Amino acid sequence: MTIIAPSILASDFARLGEEAKAMQAAGADWLHVDVMDGHFVPNITLGPDIVKALRPHVSIPFDVHLMISPADPYLEAFREAGADWISVHPEAGPHLARTLQRIRQLGAKAGVVLNPGTSPAVVEEVIDLVDLVLVMSVNPGFGGQSFMASQLSKIERLRAIIDASGRDIVLEVDGGVTPQTAAQCIAAGATALVAGTAAFKGGPGAYAANIAALKGA
Ligand code: DX5
Ligand code: ZN
């Protein structure tokens with residue numbers, strides 16, 4: 001069963017706790033938390049204090065996507081705030097392997113995020129330290145962008161790399177995921193999908209149907 005991780009980036013930020021609760025009740029498997037610093041990406045969102053405030057409102061895992069540079073000084077704060085999965089971009093720091101080791105030392109699962117222009121080869125070099133690979137199917141920074149079909153072949157290549165490793169690694173896709181593009185991602189080998197716009201559109205009354213449509217893909 002595909003993991004569906006709604007991105008709270010698309011929620012009503014004035015009602016974050018209730019939004020997270022409504023998504024959990026609607027069947028979300030994880031909550032995807034997009035952290036942006038206005039430096040690594042051209043947008044600013046939220047930090048560990050908000051993750052911490054949100055944590056008691058839901059019990060599903062927090063899938064924290066760090067779009068910040070450097071990331072290392074903040075790993076502990078996000079872990080203490082309740083992050084279960086922490087993913088970083090290789091471009092965000094000079095020592096990817098060290099960053100992944102640190103995330104695991106903190107007791108979280110470690111993920112690598114690949115921008116549309118980043119090669120999957122980087123994952124092969126650190127495969128023993130990876131619990132999740134996140135493929136960006138948009139340029140990171142904003143919700144509501146269109147899915148880049150060019151990334152489907154990368155998902156396929158990563159599926160082969162993960163299968164060859166024999167390791168239990170989640171293959172997640174982020175950006176422009178709709179029930180239509182979700183089906184393409186799953187066919188290419190994805191096991192988890194982030195959805196901002198497609199999960200939150202229509203408000204709380206629509207969340208269960210939105211999640212069901214993504215799961216049905
Ligand atoms: C983009 C974020 C995504 C984004 C997805 O930088 O990483 O998680 O919120 O939003 P949609 O699903 O609207 O493309
Ligand atoms: Zn994200």
Side-chain angles (χ1 to χ4, degrees), residues 2-9 28-37 39-41 45-48 50-52 54-55 58-137 140 151 154-155 157-175 185 189-194:
T2 309
I3 294 163
I4 304 297
S7 166
I8 57 161
L9 186 61
D29 299 292
W30 293 356
L31 202 63
H32 186 79
V33 181
D34 286 307
V35 180
M36 306 185 188
D37 66 355
H39 163 75
F40 184 70
V41 290
T45 55
L46 48 87
I50 291 179
V51 176
K52 192 176 188 176
L54 203 48
R55 188 62 278 188
V58 285
S59 57
I60 52 176
F62 278 9
D63 172 30
V64 175
H65 174 190
L66 296 181
M67 287 162 274
I68 62 174
S69 175
D72 290 9
Y74 303 98
L75 298 175
E76 191 170 355
F78 279 105
R79 175 59 181 154
E80 280 176 4
D84 300 282
W85 299 76
I86 300 177
S87 299
V88 295
H89 288 251
E91 297 86 355
H95 303 293
L96 178 61
R98 177 181 290 151
T99 302
L100 297 171
Q101 283 166 338
R102 182 71 186 132
I103 292 169
R104 288 172 140 202
Q105 268 171 12
L106 291 166
K109 300 279 193 179
V112 175
V113 194
L114 302 178
N115 279 331
T118 305
S119 164
V122 67
V123 171
E124 289 186 287
E125 309 302 332
V126 289
I127 194 98
D128 56 321
L129 301 172
V130 170
D131 301 296
L132 177 148
V133 179
L134 178 55
V135 176
M136 293 306 303
S137 40
Q151 299 306 300
K154 189 192 288 180
I155 299 167
R157 278 176 284 157
L158 284 160
R159 178 79 267 148
I161 291 168
I162 291 168
D163 288 350
S165 78
R167 301 193 64 253
D168 183 18
I169 296 172
V170 175
L171 182 50
E172 188 175 37
V173 183
D174 185 6
C185 294
T191 55
L193 301 171
V194 175

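Remember, it's a predicted structure, so these values are computed and weren't measured experimentally. In this chain, numbering begins with 1 at the start of the sequence shown.
Under the side chain to side chain contact (heavy atoms under 4.5 Å, CB included) criterion, Ile127 pairs with Val123, Ile161, Ser165, Ile169, sequence neighbours left out. Partners of Arg55 by side chain to side chain contact (heavy atoms under 4.5 Å, CB included), not counting sequence neighbours, listed by chain and number: Val58, Phe62, Asp84. Remark: Ala160 pairs with no residue by the side chain to side chain contact (heavy atoms under 4.5 Å, CB included) rule, at least two apart or across chains. Among residues two or more places apart in sequence or in another chain, the side chain to side chain contact (heavy atoms under 4.5 Å, CB included) test is passed with Ala190 by Ile155, Val173, Cys185, Leu193.
Judged by distance alone, with hydrogens and angles left aside, the side-chain atoms of Ser137 form a donor-acceptor pair with the main-chain N or O of Asp174 at under 3.5 Å. The backbone N or O of Met36 sits less than 3.5 Å from a side-chain atom of Thr45, completing a donor-acceptor pair.
In this structure, CG on Leu100 lies 9.5 Å from CG on Asp128, to the nearest 0.5 angstrom. The CG atom of Leu158 lies 10.0 Å from the CD atom of Gln151; values are rounded to the nearest 0.5 Å. With rounding to the nearest 0.5 Å, the separation of OG in Ser7 from CG in Asp63 is 9.5 Å. The CE atom of Met136 sits 6.0 Å away from the CE atom of Met67 when rounded to the nearest 0.5 Å. Going from atom CD of Glu172 over to atom CD1 of Ile3 covers 7.5 Å, rounded to the nearest 0.5 Å.
Shortest non-hydrogen contact noted between Ser87 and Val113 is CB-CG2, 3.6 Å. Across Ile60 and Ala28, no two heavy atoms sit closer than the pair CG2-O, 3.6 Å. Of all heavy-atom pairs between Arg167 and Val130, the closest is NH1-O, 2.7 Å. Ile162 and Leu171 make their closest contact through CD1-CB, 4.0 Å (heavy atoms, listed as atom of the first residue, atom of the second, distance). The two residues Ser69 and Asp37 come nearest to each other via the heavy atoms N-OD2, 2.9 Å.
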Show the atom names and distances, to 0.1 Å, of all donor-acceptor pairs under 3.5 Å that link a side chain in residues 71-83 to residues at least two apart or in another chain.
{"from": "Asp72", "atom 1": "OD1", "to": "Thr99", "atom 2": "OG1", "distance (Å)": "2.7"}
{"from": "Asp72", "atom 1": "OD2", "to": "Thr99", "atom 2": "OG1", "distance (Å)": "3.4"}
{"from": "Arg79", "atom 1": "NE", "to": "Leu106", "atom 2": "O", "distance (Å)": "2.9"}
{"from": "Arg79", "atom 1": "NH1", "to": "Ala83", "atom 2": "O", "distance (Å)": "2.8"}
{"from": "Arg79", "atom 1": "NH2", "to": "Gly107", "atom 2": "O", "distance (Å)": "3.1"}

Side-chain donor-acceptor pairs under 3.5 Å in residues 114-121, sequence neighbours left out?
{"from": "Asn115", "atom 1": "OD1", "to": "His89", "atom 2": "ND1", "distance (Å)": "3.4"}
{"from": "Thr118", "atom 1": "OG1", "to": "Glu91", "atom 2": "OE2", "distance (Å)": "2.5"}
{"from": "Ser119", "atom 1": "OG", "to": "Ala121", "atom 2": "N", "distance (Å)": "3.0"}

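For the pair Leu66 and Val64, the minimum side-chain heavy-atom distance is below 4.5 Å. Side-chain contact between Leu54 and Leu46 is absent, with no heavy atoms from C-beta onward closer than 4.5 Å.
For the residue pair Gln101 and Arg104, no side-chain donor N or O sits within less than 3.5 Å of a side-chain acceptor on the partner. Between the side chains of His32 and Asp34, at least one donor-acceptor pair of N or O atoms lies under 3.5 Å.
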